[in-house]
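Read the numbers this way: they start at 1 and go in the same order the structure lists the ligands and their atoms. Predicted model only: the values in this text are computed from it and were never measured.
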Amino acid sequence: MTERTLSIVKPDGVKKNVIGDVISRFEKSGFRIVGIKMLKLSKEDAEGFYIVHKERPFYGSLTGFMSEGPIVVMVVEGEGVIDKVRKIMGATNFKDAAPGTIRADFATDIERNIVHGSDSVQSTAFEIPYFFSTMELA
Ligand code: UDP
Ligand code: MG
């Protein structure tokens, strides 16, 4: 099924100059970028985005990290893109990430793991409109 997912190159990914590499992996997998922009989140913006994790012990640190510098948010479209982007990203903890995944290649920390991808259709319904209006999606 053709789907859309929300992906983010996190502040560590922007600092490591891997924006292009992340986009390239998505495009080479046959997906289309239908919306993209660079943003700098406030702590409150990051807290709103990760509200689902607000009871987790890492919430404060995660939202501090996500607001420490610019990020690139994008909407990626294609067949089965939600699960496929998660596969291209690799496991949350880079130590568990399969070889050749973005996190295995670039992450150095469970928190600073380069990239975000929505985990379900329900998540995309919250995450895509959090950053994009319909006018901004091609
Ligand atoms: N995270 C963390 N410690 C943990 C689990 C997650 O710092 O023990 C951070 C990490 O940056 C992760 C984000 O919180 O990407 C959201 O966690 P989630 O479980 O949703 O992982 P994801 O869907 O990004 O793989
Ligand atoms: Mg998640």
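With sequence neighbours excluded, the residues that form a salt bridge (Lys or Arg N to Asp or Glu O under 4.0 Å) with R25 are D21, D105. For S61, the side chain to side chain contact (heavy atoms under 4.5 Å, CB included) partners are E111, not counting sequence neighbours.
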side-chain contact (heavy atoms from CB on, under 4.5 Å) evaluation trace for H116 with L6:
CA-CA 8 Å; H116 167 84; L6 189 282; 4.0 Å; yes
Please evaluate residues K15 and E68 with respect to the criterion salt bridge (charged side-chain N to carboxylate O under 4.0 Å, His left out), reporting the C-alpha separation (whole Å), side-chain torsions for both, the decisive distance (0.1 Å), and the verdict.
CA-CA 11 Å; K15 277 191 199 115; E68 77 178 24; 2.6 Å; yes
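Side-chain contact check for K10 versus N113: some heavy-atom pair is nearer than 4.5 Å.
Among pairs with a residue in residues 118-137, those fulfilling ring-ring contact (aromatic ring centres under 6.0 Å, His included) read F49-Y130, F49-F131, F126-Y130, at least two apart in sequence or across chains.
The 4.0 Å heavy-atom shell around ligand 1 contains residues K10, Y50, H53, F58, L62, R86, T92, R103, I110, E111, N113, ordered by chain and number.
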